[in-house]
Amino acid sequence: MANSAVRMSTSPPTASAHPSQSISISNADPTASQPQLAAHSSAAEILRQVEFYFSDENLPHDAYLLGFAGIEGTNPVSLSLIMGFKKMKQYRPKTMVREVLRTSTVVEVVDNKHIRRREPLSVQPTVTPRIDPSRYASDLGRVEPHLTKNMLKPTGFEPGATEGPITPAQFEKYSPDENILVRLETAVNSFNANRKMHQNTRAIFEKLMIFGGFAQNSHMFQGGMNKKQMKQEGMDKEEIEQATAHYGVTEQVTDAYWKEFEEGEKSSWVVDFEAIAKAFFSSQFLQWFDWTDAKQVTTAAQVLRNFYNYLTVHPVCPEYNDQILAARKVCDLAEQELPKLAIVDRSLPGAFNSACSTLFGGAFANVYISQAAKDSWGHGADNVGLDRDEAITIFMAGLASHGTSEQCEKASKLGDVKCLSEERMGLEVVAVELPSDTVKETYDFLRKREGYSDFIYAMGKLVCKRWDIPFDAPLDLPAFMMEEKEDKTQRFEFLVEAETLAFCEPGMKMEAIVKELDLGIKWLDAVEVVYPTFHTWLPNENIMAWKEPGPPTAWMKRQEARKMGLSEEGEASISAQLTQRTLQTRTMASVPSTMKGVIIETTGGTEVLQYKTDLPVPSPGDGQVLVHNDYVGVNYIDTYFRTGLYPAPKYPYILGRESEGTVVKTGSGDLYGLQEGDKVVMLSEGTYAEYTAANAAKAVKIKSGLEAKIGAAALLQGLTALTLIREAHPVKKGDWVLVHAAAGGTGLWLVQLLKAVGANIIGTASTQEKVDLASKAGEGSITMINYSKDDVKSKVMELTNNAGCVAIFDGVGKDTFDLSLECLARKGSMVSFGNASGAVPPLTIARLSPKNARLLRPTLFGYITTREEFEHYVDELMDFVTKDKLDVRIHETYALSDVARAHNDLEGRKTTGKLLLDPSK
Ligand code: NDP
């Protein structure tokens, strides 16, 4: 600030006070900009003028510029905007002006189009930043209604409009002896008759009346006569007024009134002007009018105030005067608060939350941003989504300034960060915490750091608690989830830009989608509706007439697009985006929040398998799709995680590695062409459940014609067998190979694939039934040995002329390892790929010497790491299945709830072929 303080004074300094030599001294890159500076004859004046605009003396009091520069004054501001200011119009061309500004120590040139103040303001703004109304209007595509001469005449709604003197007749009209309903009805119609209602004011007044229990009964008693005819019929003025009345108290209200006063029955009918005003401004008005337009809010406030004035001046119901005054105050409050709320509505969820949403599969994921929108980010085109790099920068900056070191470290492996939950909830703001000095310093540091975007703004916190959305459908959730939802002490902290926080107030409410990362960070994925602090819900909402909505107009579509954070450019593009979003929303609506699944919280026998029906449905993150699993494959590896032979990455842990099903929701990033509705087969963690957020890179569309269950039954074991014979030991025609547990899941695949490539197979199995089964699978190419009773080594040597097998595929592990080495040929490959009988104990490599043996301990995942490898082997496997007509043997399909039996059967050596789980049962 030291440098800039020198430049700031109460008025623009004169040229002499701003000598050009100081310009060249302050220039960070004198060689680059000095020549251009010299080339502009008014360089000193330009610099002086622009620096004054951004100075501590001007900016804090300049609501217009502050609207762009933000409350800290450091947001980038369009250079064109500055050059459009009256005093700047004389300085052209833009390129040279920009070069001059490069020399400033007060402002800096951000990019070709923007400049901004280098240091945050050192004094608090004295005015509320104002959003440029012209740009705001054009954003919404609004047009000013045309004005006719008639419209320029006084309407009676002008702010200073007063009622004329009260005549004795008028006093009589509102005699306190008269029933309140009759008095109000008369007042409403007299008020209506004495006002010149413009289309807009009429719409507001009508909505207020209907909301307040009045029905429009336009000309209902007229019998088709106009006023002139009525006069000729001898009707007096009052009769005509009544006959042409536009408003009458609704039947519901009259019925309730008479029931209460004549029959003594307690009804819900009450006179409450204040509550009506609050409820009107917090629901009806928001619903029916463009409340984001400050002018519209002022008009509405004026209409209501004017009506309340009428009621007090005449006086219609003096017994309710206190209420009416309170209702007037609500108009003032609405006028103050709704414009702020409009800015909040426009700015939330804000950069940090949008960044989370972009990166972790939220509403902002996959939102296309045109370059144009991107360029103008931060200037009215915000909320159209972020590109990935921007999102990462904003996310990491948020963590760096507000997170813990553990969170930052975990987040450095962005791909590992998972979204844990998603909840649509009502929130009420309980506190607004502006960024601390430390936070500001961190952001400042990050902004200056190489590679960080210029568009990172210091974030403060919006602290909220749960708020019951009054008109929400009742929830039907498990007890523990209900408890959580009813807990009003829980606090939710969301990172939000300081300049948005400036417009937030405790008591403000919103309906939002809140998501949580496994880093312990919650974010506002979407803010659907915001409500003012005085939000009130009245059952009157229920009596409001409901009309079948017509097709949305262009204006409505733009409004909708803005609410959804989509690009608002081009009608066709808006329509396309909305359709896409609607489809997504519809599909999302069919995804429940809880699901069935099997978790383990500790390791052990099958007793640790817990079947749950209320697990949270995961959200697809970056590069992920949410798959509804139809069938889930059971693999030996699942038992390793259960027993603890392989450590689970976290607890509770959902077991399972493969499934087939349907994509029901897509996350962000590269999804390899997968879309909602695609039938897929995939390798993924967490498949023992109804839904799995799976990495799209390990999922492929199921080829048409493939029967249900075949994908889930084939993928993991089929790919294991295929990669083993292609890569662990590329098997050639005529090779002698040994396959242990040949009737098992992977065993049967090995047998059939080896047969297909022309190998001579020797298989082992523990029972006659298994021997027969594997013999059939490898018919013509296989010799089976029952290894629970026959001598495997002598049989292998006999069959191979004492040479042994060139490759041994051993998934049994501990029990067969030594035997396998003995059966191996010279220069052969000992492929140990599993531990069904236990892990192979450590061995000395000298044991490989006698046969110059190669020992491998491969995993499938090491062969299909890249998408290309994965696709290549899936294609080849599916070719084998369809062209070579491989028999994909399914041992049994178990209900998911019967998972323990499946594990017992597999480990108890009772199975042949594939075990599947049906997650719907
Ligand atoms: P299987 O269907 O083959 O079942 C295991 C079989 O192993 C049993 O049916 C049994 O057949 C045999 N077995 C031998 N000794 C034992 C024992 N003590 N306890 C239990 N079973 C025994 O299972 P999978 O096809 O799912 O897996 C087979 C092997 O392949 C496993 O070790 C697995 O870990 C491994 N695998 C490795 C992969 C990798 O990437 N490396 C990928 C997939 C699987 P029998 O009664 O005939 O002896």
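Both counts, for ligands and for their atoms, begin at 1 and track the order of listing. When reading the values below, keep in mind they use all heavy atoms of this one structure, side chains included, and skip hydrogens, waters and symmetry mates. These numbers come from a predicted model, not from an experiment.
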Any N or O of Lys770 closer than 3.5 Å to N or O of ligand 1:
yes

Pick from Asn786, Ile864, Thr720: the one approaching atom 42 (C) of ligand 1 most closely through a non-hydrogen atom
Thr720

Output the list of atoms in ligand 1 that are nearer than 4.0 Å to some heavy atom of Thr746, sorted by atom number.
24 (P), 25 (O), 27 (O), 28 (C), 44 (C)

For Thr859, atoms of ligand 1 separated by under 4.0 Å from a heavy atom
39 (C), 40 (O), 41 (N)

Judged by modelled atom types alone, do Asp810 and Ser820 share a side-chain donor-acceptor pair under 3.5 Å?
yes

Is Ala836 in polar range of ligand 1, meaning some N or O pair under 3.5 Å apart?
yes

Does any N or O atom in Gly745 lie less than 3.5 angstrom from one in ligand 1, N or O only?
yes

Got a sec, which residues hit salt bridge (charged side-chain N to carboxylate O under 4.0 Å, His left out) with Lys795, two or more places apart in sequence or on another chain?
Glu798

Of all pairs that satisfy side-chain hydrogen bond (donor to acceptor under 3.5 Å, both in side chains), the ones with a partner from residues 744-764, not counting sequence neighbours
His740-Thr764

N/O of Gly834 under 3.5 Å from N/O of ligand 1, yes or no?
no

With a 4.0 Å cut-off on heavy atoms, is Phe861 touching ligand 1?
no

Are the side chain of Gln407 and the backbone N or O of Thr404 linked by a donor-acceptor pair below 3.5 Å?
yes

Mind telling me whether Phe641 and Tyr646 have parallel, tilted or perpendicular rings, with 30° and 60° as the class edges?
perpendicular

Do Asp879 and Lys703 sit within salt-bridge range, that is, some charged N less than 4.0 Å from a carboxylate O?
no

Looking only at distances, can you tell me whether any N or O atom of Leu906, backbone or side chain, sits closer than 3.5 Å to an N or O atom of ligand 1?
no

Short N or O distance, Phe833 and ligand 1, threshold 3.5 Å exclusive:
yes

Counting N and O atoms only, with roles assigned by atom type, does the side chain of Glu660 sit under 3.5 Å from a partner on the main chain of Val681, one being a donor and the other an acceptor?
no

Salt bridge check, Asp518 against Lys410: does any charged N sit closer than 4.0 Å to a carboxylate O?
yes

So if I count the atoms of ligand 1 from 1 in the order they appear, which ones are less than 4.0 Å from some heavy atom of Gly744?
1 (P), 2 (O), 3 (O)

With a distance cut-off below 6.0 Å to the six-membered ring centre and an angular limit of 45° from the axis, does Lys698 pair with Phe870 as a cation-pi contact?
yes

Check: Lys770 side chain, Arg909 main-chain N or O, donor-acceptor pair, under 3.5 Å:
yes

Polar contact flag, side-chain donor to acceptor under 3.5 angstrom, Arg657-Thr687:
no

Relative to the ring of His891, is the ring of Tyr894 parallel (under 30°), tilted (30 to 60°) or perpendicular (over 60°)?
parallel

List the closest protein heavy-atom neighbour of atom 8 (C) of ligand 1: residue, atom name, distance to the nearest 0.1 Å.
Arg909 CG, 4.1 Å

Heavy-atom gap Tyr640 to ligand 1 smaller than 4.0 Å
yes

Within the 4.0 Å heavy-atom shell around Ala765, which atoms of ligand 1 are there?
47 (O)

Which residue and non-hydrogen atom of the protein lie closest to atom 47 (O) of ligand 1, and at what distance in Å?
Ser766 N, 3.2 Å

Residue-ligand contact Arg857/ligand 1, heavy atom below 4.0 Å:
yes

Is a side-chain N or O of Lys665 found less than 3.5 angstrom from the main chain of Ser619, in a donor-acceptor match?
no

Distance-only N or O hit between ligand 1 and Tyr787, under 3.5 Å
yes

Name the closest protein heavy atom to atom 5 (C) of ligand 1, giving the residue it belongs to and the distance to 0.1 Å.
Tyr636 CE1, 3.4 Å

Taking atom 40 (O) of ligand 1 as the reference point, the nearest protein heavy atom with its distance:
Leu860 N, 2.7 Å

Give a yes-or-no answer on whether the side chains of Lys596 and Thr613 include a donor-acceptor pair shorter than 3.5 Å.
no

Could you tell me whether the side chains of Lys709 and Thr893 share a donor-acceptor contact shorter than 3.5 Å?
yes

Heavy-atom contact under 4.0 Å between Pro858 and ligand 1?
yes

Protein contact to atom 6 (C) of ligand 1 [nearest heavy atom, distance to 0.1 Å]
Ala741 CB, 4.0 Å

If you count the atoms of ligand 1 from 1 in the order shown, which ones are under 4.0 Å from a heavy atom of Gln717?
24 (P), 25 (O), 26 (O)

Heavy atom of Val812 under 4.0 Å from ligand 1?
yes

Quick one: nearest non-hydrogen protein atom to atom 29 (C) of ligand 1, plus distance?
Gly811 O, 3.6 Å

Do any heavy atoms of Leu716 fall under 4.0 Å from ligand 1?
yes

Ligand 1 atoms in contact with Glu907 (distance to a heavy atom under 4.0 Å)
19 (N), 20 (C)

